[in-house]
Each structure stands twice: as C-alpha cells, then as structure tokens.
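First up is the structure itself, then whatever we jot down about it.
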Amino acid sequence: MTPITLEAMAAQVPDGALVALPPDYSLPSSALARALVRRGARGLRLLGVPILGYSADLLIGAGCVAEVETSAVTLGEAGFAPRFTAAVRAGTLRLRDATCPAIHTMLQAAEKGVPFMPLRGLIGSDILARRPDWKVAPNPFAPPGAEDPIVLLPALQPDIAIFHAAMADAEGNVWVGRRREIATAAHAARRALVTVERVVAGNLLADERLAPGVISALYVEAVAVAERGAWPCGLLDAYAPDGAHVAEYARLARTEEGFREYCARYVLAGAPAAAAA
Amino acid sequence: MTPITLEAMAAQVPDGALVALPPDYSLPSSALARALVRRGARGLRLLGVPILGYSADLLIGAGCVAEVETSAVTLGEAGFAPRFTAAVRAGTLRLRDATCPAIHTMLQAAEKGVPFMPLRGLIGSDILARRPDWKVAPNPFAPPGAEDPIVLLPALQPDIAIFHAAMADAEGNVWVGRRREIATAAHAARRALVTVERVVAGNLLADERLAPGVISALYVEAVAVAERGAWPCGLLDAYAPDGAHVAEYARLARTEEGFREYCARYVLAGAPAAAAA
Amino acid sequence: MSAAAIRPEERLAVAIARLVLDPEAPPARHVAIGAASPIPAAACFLVRALGHPLRVSLQQRRTANPFSEGSRELFDLAGQGRIDLFFLGGGQIDGQANINLIGTGEWPGREARFPGSFGSALMYFLTPRTILFREEHSPRVLVPRVDLVSAPGVSPPGVYRRGTAQALVTGRCVFRFHPGRARFSLLSLHPGETVESVRAATGFDFDIPAHVPPTPEPTEQELALLRGPVREAMLEPYPEFCARVFDRKSAA
Amino acid sequence: MSAAAIRPEERLAVAIARLVLDPEAPPARHVAIGAASPIPAAACFLVRALGHPLRVSLQQRRTANPFSEGSRELFDLAGQGRIDLFFLGGGQIDGQANINLIGTGEWPGREARFPGSFGSALMYFLTPRTILFREEHSPRVLVPRVDLVSAPGVSPPGVYRRGTAQALVTGRCVFRFHPGRARFSLLSLHPGETVESVRAATGFDFDIPAHVPPTPEPTEQELALLRGPVREAMLEPYPEFCARVFDRKSAA
C-alpha cells in the first residue's frame, strides 16, 4: 500500500460522512483533523470512540461538523471543549448523547455483523430518553415471571474510522498497540483512513510480538505519513501530550475570534513548526 | 504472584468444573491436561474455545470428562480425535454441539456482563435443534413487517479457563500474543489457571510493545511454570507442533489399550523426556 | 506536623479512605479511578499504604495503563463484577443521588453544557459501591432535582442494578446515602462547617441525625503515608496534583 | 509437460480456480481458507498468479497468520461482509446442499461421529459464495438427505442469508448449485467419468443437462503457475501437501 499525502487523505472524506474519532488519549489523528479543516469539510457527523477531544473541537469550531454522537467532549486537564460547548449552547450542533460502553457495544455489534447487542444500565437516564433509536425489551433469558428490562443498541457502522498509528508496514497493516477500541472502530467502519508516524519494511502481522497490536490492512483504505501526527495529543510511549499547547488552544478557542487566530497560526498554515519540535 | 507447581494447579481444578480449553493451535496447556489426568480429575465439563484437540482427547480417554461443549474435536493433520469419537459412539459423554462463532459470542456476552448476545446463521441446523438453551426471536430492529428471526445465545461463564502462555511477569500478567480468544475466555471465566514457559521480571503491561498481547493479572488466579507446556502442540513462533508425536498419540489412542500404553509412557510418568527435547 | 498544616485535599483523601474501608459496605478488592480524580486516587493509595490489599486501576494512564483491551475493558470488568468500587462526580447531584454530567437547562444543555456522561450510565448500575465526590458544595451543584439525568441514583424494582452510591463527599461534609429511602443523611462535618452552613449550601433536603460528628482528623500515620508513599505513587499519574498539593514535581 | 503428468489435485485446483473466477458469481475480493483445505488454497493462489487481485487469508496459519483478533476475527469478518468466498466440506452432503459435519445415525453421531461443525453454521449463511469441496465422491458421502444438518443448503424466505453454495467439486465432477430450486446440476465431468458413473456414485438426485462437457483440462500456463509460484506459496502453510503433490519439501 503506497502512502498518500495528508491532503489527499482529507479529500477522501466526503462531506456528510459519519466519521469515528478516538479521544485525545487514544491515537487521534490531529494531523488529519487539521487537514480536514484546511479542505473545508462540511456536514461531518462525528462519532466519539467513546469520547472526543481536541480534533472534534477543532472541526466543530471550523464549521465542519453537523452532528456529534459521543459520551463526552473534553480537553482533559485543559477543561471543557470550548467550541463544542459554544455550539451546543447556540443550538447549531445536532447531538446524540451516549455513554462509553454503549458506543463500544454498538461498534462491536457492527464488528460482528449482528443487528444489535444488549447493554446493562441506562434505564432511567436522560441519555436513553433522548435516543429513540435505542430500545428497551425484556431479557429473554430472565427467569419466568421476572421482567428484567434491558437496553438493546443497534449496530453502528461508521463510514470512516480515522486515527493515528505508530507505524504502518508495506502491506498497509498498522500498529495501534493496546488501543483495541480503535481496532474495533476500524473493523466496524466501512473503511479506515490512517495517519502514521512512519512506514516500516516487512509485514507487522508476521511478527508475533507486534501482531497483537496490529490492525490488518484488510480494514485500511489508505495510509498517510504524518510525523507527530497526534500532536498536541500524545502517542503511547513515543511522545507525551503537549499540555501547554492544549491549554493555549483552550484559552484561545474560548472566543470565536481567538479560535480563528489559533487556526491561522496552527492549522491553515499547514504542519506547524511546533509539531516537529 | 508466586508460581505454584503443576500438580498444585491441577489440585485447584475441582471435579465437575466447567473448564474452557483452547484448541491445539492456540496455546493449549497440554502440561496441565496431563497433570489433571495424573490427579484423576472426574466429571469435568470441557468447553472448546472454539474447538478442542489433544488435551481434550487425553482427558476424555482418561475418564476425567463428563460433558463436552465444542464446535469440533480434532487432532488436525493426525485426523479424528479417537477417544472423543469412541466416547460419543459409546454414549458415555454428554455433548453440546456448537459452532465456533456461537462459542465466541457466548464468551463475549459473559465478558461484557450481558445476559445474551445475538448471532446470525444457525437457523435450520441440527446444532440449534439440539440446544434448548438457545433461543430464536424476531430481530427487534428489523423493518416493520419483516420477521427476521435471529438466534439469541446466553452468556457462558466457565468456572476456569486453562491455557499456556509464552510468559508471565512478577505481577501475574501473562502474554498470549494475538490469541485474543484466549483473553476473552479468561475475561469470561471466573478464574484463569495459566501455565507459562517462563517468568520474566518487571511488568508486561508497562511495555507498550507487549501490552497488547497481555492478559492482566486481574483475571489470573495462579501461574505455574511448565517449559514446553504446550507440547506436543506448538507455541506461536517459539516451537512448532510435534506432528510425529500427535500422530503417535492418534495411532495408539485408537484402542483403549493403546491409550493406556500412551498414558503410562507420556502422562503418568510425569513430564516426559521428549518434552524437553 | 500540626493539624494546621493539613491541606483540604489530604483531609478529603482520608475521609474517602475511611469510606473505602467501611466494614459495613461490600468488600472493595478492586477500585477503578478516572483520569480526573486525583483525590480519590490518593485515598485508594492510602488504603493500600495502610496495608489493605486493594487493586487500584487508573484509567487513561499513559504509561503502565492496567488495561490491554482498550477503553472498553473497564466497562467489561464492571460487567463481569470485577470492579467493586468506582467514583463519580457530577455537574449537578441531587438528593436522590441522581447525577448530571450532561448540562443544565433543556437538553442537551442549553443553559450550560457539561462534557457528557462518560461511562456513568453503566458504572453506577454495575458497581456494588459508588462514592460520589465533588469538592464544590453549593446550591448550584447540589440541587433539589438534576436538570438531566446521566445516571439515576436508584432504580425501580426489577431493573438490574448491583449497587448505588455509598456516600457523597464534598468540600464541606460527608453524606451517607440510603438507597431504601433514596435520601442522603449528614455523616460528618469538615472543620469550620455546621449543620446550618451545610444546609445553606445544599440545594436538596437531607436527613440530619441528632448528633453529627466532625469528619475525623487525619492521623499522624495517615499524614505520613500521604506525604510519603502515596505522594510517590501519585507523581506519575497526577503530576499537576502533586505539584499543587504536595509541592512536589516529577523529575521527568 | 504432457497432460498425462497432470495430477488429480492439480486438475481440481484448476477447476476450483475457474469457479472462483466465474463472472456470473458475485465478485471475490477476499477468500478465507481453512487449515485442512490445501486444494482450495492452491486454487486461490493460482487465481492470484493468473493476475487477479484476490486477498487469500489462511486460517490457523502458525506464522504470518493474517488475523490479530484471535480465531473470532474470521467470523467477525464474515459478519462485516468482508469475506466473499469460503470453502466447506462435509462428512455428508446432500442434494439440497445441506452439509453434515456432525456424524451419522442418531445425534450426536452414534453410528459415526465426525469432528464437529466448526464455523459452518455461520459461514454458510454470511458468505456470498461457498464452494463445497469433497474429493471422495461416493454414495456414502453424497447422500439423499444428510443424517444431521450442520448448516442448511438453503433457508426459507425471511431468514437472513447472504449466499449459498455456488458449486460442489468432487473427485469425479463439478456440480453447479441452483438455490432457487435447491438442486445440483452436473456441470462437468473429470476424465474417465460419465454421466452414468457419476449417477452411480451419487446418492442424491441431480439435474443432467443435454450436454455435459468434460472438466476443462488445465492449460500449460496454469500448470506452470501451479508448479511454480503456487507451489512456493503453498510450501509454508501446507508442507505435507507440497511434499505429496509437488514432490517438494520445505527446507526448514
């Protein structure tokens, strides 16, 4: 699989696509999020696996997003996600509130090709009350006489899963290590677009040590090299999150004007110098 | 976690326990199966994850087994499992026929703590016809008017998962590499008893390269060192299956007398010399 | 070491540790702690330092993360019954122990939007014990009725549920939760607080026993452990917290 | 290289390769092959060697196994619609393409017990195309009605099913399967066989067109590929087969 450029990858994400994104602690492709802002993507529907962070806030602030389904949007230690918060209050974002295990479950149902899976909890919450697409049914395995209502969640197949992997090999296999929820998202999605730190020779699946952390090329539509592509988020043990930068983002993005200033400095100019530091 | 001896581990498997075992290609603890024969275990209920091989045939031949739930029992290239086949024909074994993905699904339901999960296929098979514990229900997410019957499988929680890992660390974490179905069995089971090739220093979960192949000590009740403990089966890239030995077993085990001869030579005498070759 | 030197965070950690060790509560062998919960984490490390066997799994820890199945493993563990105790907070918490991590005003938070419910809508049901923790104790947070329910404090009979809140720890006091009557009662008052000051700061109604003791002061042993081995254990996962509370920065 | 030198396994591999490439069948981009299926594997490697893009995933391969989620990944892939073609055999196969991997006589196989159904009860439903393959062509194997059904050949309307058998390849002939009428028809005869010899060896009834052609002989190109790159690709996963059919042993 020949790597493509970041901009070519951004062009493969059609407006309106349902895009699965990992949270800041789990291999986000901040680089591709910035490229999507540059390409002027519109109407994206973001799915947090299971929550969202910097990339989502950036895309929301830049007007790329019509809908968000997630269990939370947060910048972690830097606090609330300002553009998300502003958009919700302004009512410009369609929101589907979820809870983390429900998103994992809906993706696992799609991964297995079953139409639904059950999940405990949720009954009595306003999350469930706001999800007409979720059902409550009696547990068919409950003892006779017991009602035992349980939530049934439909399979959820993203159009595209986007994430940043530590490496790809020549076949297009990518290594995400222990972040198996990303593998589930890639399995569940129609296709995966993956940015990577680097491309290595050989076949990662042929190495028993590395294979358990691999997502097979079977699921990977395209690979683009983006060094420090998770930045300002961290990448496993390769680099730590740049907390100061996220805090700077959080500060600037408090206002529309500050957000535009941030984008001009760090997004629209292409790969920022700080990313290579 | 201080390793215990093989014989002490065998003593932790009570008669009548529901024991999950992997197939020959997926980290079977042949060493513990032999120790269970030596301890004279009785009434075990074996669960193939998702099929069974040498270890199960050995335990069945030695009279340790009352019931088998599996998608197949096979010695691979060495052919049918002779003691299993004989026991089925003699009617001395309770059998629950399954299909591989049904076993994965039932274990995943237990892993997630949900009472059931659906699975496609199966309708019209004699597997389903012989499983009163499985249900067929209309897919609640089918379009209005469509019936869309789908099989619902109950969660299955083994008492004990038994397998052989490449290594354990000082904390009791064990490394099984890409054999994630074993991880699912360990998560689903009440407890896991794990034989390992060796114990390494440090914490496997602290190594991002190894962590994806780890089963956390959270799930591990005890660890015993058994060098070449999968033999005559193989262990990932560490050692190949000993096909000649399995063929010898298959030949001897064709008769009750031959099976006793095999046990005398390779099982009752303790760890065989060939295992260290 | 004088009592005056005790920081509020230390006092809260000790109060939580005592709840963890409450012999009347279901046993806690394994506790999971979210990334944003340094005080509960310090409390659990203190329990360990006091010699009690307690497995502490810190989520989202960047190095030496205890999970190898990704972020679903926490919820699967809870489903398996392998997590005995969890901590939850809330943008709003009400007198029936309902928690709201969604927002205020009309859904989805047209007045103020919080980040979202995370895993609370499962964890609150499947964990035998939940300790609610929120430092801010004001009528804004502790409300008569949450605007939106991320996870309910109690569930009707027939709804599968393994546990409820054990207690609510705030910057002013400790409440015990009584699931049978879905009400809090005042368990102890932090220094400087009175029944009246707590009542004034609390939006919900709660039971007040005839005698409300002060929250027990940390012992010399507890303080020494907090400032010794607990601080060391906290340094890697919670560097900001250690710098602030223990005046201690990571060498890294 | 003369036709006399063609081994039966080579002929079967070529016959299967042609079925894989059948333009009337749904496209095959990804085929999964079980551990015990060297001839179907050779057929698929031949399709690749002929220049057609086809991903071939060999299950249970000890080294360079294509899966990283353990043995459930195959079934998940099938569920996702990412496996286009699968091969199944059977201790018994009947005229409605039902397969029996369980046993004969009363359940669970009191006459003869086979190993078991493996994943057939899912794969046969979820794979758009299944090629049935069994070298032994006798009334013992090809029966009027299987004693026990591991997976049915067809399903009633309303039962979720993505595909059925495309064909049945045996040591004597190739049958095409017609799911609409749930019957096989004779597609071609291997050398030495006649309609009558096949009828005599087949326990089930099947349709016989007016003209039944011989199974096409492997071309020189196909034989050269089989004995060249295909043999090389087969060496690691199927050493026994290569030693037997290609007189070639692995150096390892």
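The figures here come from the full heavy-atom set of this structure, side chains too, leaving out hydrogens, waters and symmetry mates. Every chain is numbered from 1 and lettered A, B, ... according to where its sequence line falls, protein lines coming before strand lines.
- For D:F45 and D:Y238, the ring centers sit 6.0 Å or farther from each other.
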Apply salt bridge (Lys or Arg N to Asp or Glu O under 4.0 Å) to the pair B:R45 and B:E67, showing each step before the final yes or no.
CA-CA 5 Å; B:R45 293 170 294 143; B:E67 183 177 307; 5.3 Å; no

Run D:E9 and D:R11 through salt bridge (Lys or Arg N to Asp or Glu O under 4.0 Å) and show every step you take.
CA-CA 5 Å; D:E9 292 86 353; D:R11 197 182 308 278; over 6 Å; no

Steps toward salt bridge (Lys or Arg N to Asp or Glu O under 4.0 Å) verdict (D:R176, D:D22):
CA-CA 11 Å; D:R176 180 176 292 286; D:D22 183 351; 3.2 Å; yes

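- Looking at B:A90, only its backbone comes within 4.5 Å of chain D, counting heavy atoms on both sides.
- In this structure a side-chain-to-backbone donor-acceptor pair under 3.5 Å is missing from B:D24 to B:C233.
- Counting heavy-atom pairs closer than 4.5 Å to chain D, the top-ranked of the candidates B:G124, B:A142, B:G177 is B:G124.
- With a 4.5 Å cut-off on non-hydrogen atoms, D:I102 touches chain B through its side chain but not through its backbone.
- In terms of heavy-atom pairs under 4.5 Å with chain B, the best-connected choice from D:G119, D:S120, D:G158, D:P115 is D:P115.
- Neither the backbone nor the side chain of D:Y124 comes within contact range of chain B; no heavy atom of the residue lies under 4.5 Å from a heavy atom of that chain.
- Surrounding CZ of D:R140 are at most 12 heavy atoms belonging to other residues, nucleotides or ligands under 6.0 Å away.
- Looking at D:L148, both its backbone and its side chain come within 4.5 Å of chain B, counting heavy atoms on both sides.
- With a 4.5 Å cut-off on non-hydrogen atoms, B:I150 does not touch chain D at all.
- For D:E111, the part sitting under 4.5 Å from any heavy atom of chain B is the backbone (N, CA, C, O) and nothing else.
- With a threshold of 4.5 angstrom between heavy atoms, B:A98 approaches chain D through N, CA, C or O but not through any side-chain atom.
- With chain B as partner, the option from D:P156, D:P108, D:A151 having the largest number of non-hydrogen pairs under 4.5 angstrom is D:P108.
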Please determine whether salt bridge (Lys or Arg N to Asp or Glu O under 4.0 Å) holds for the pair D:R55 and D:D84, giving the CA-CA distance in whole Å, both sets of side-chain angles, and the decisive distance to 0.1 Å.
CA-CA 10 Å; D:R55 182 182 286 273; D:D84 304 307; over 6 Å; no

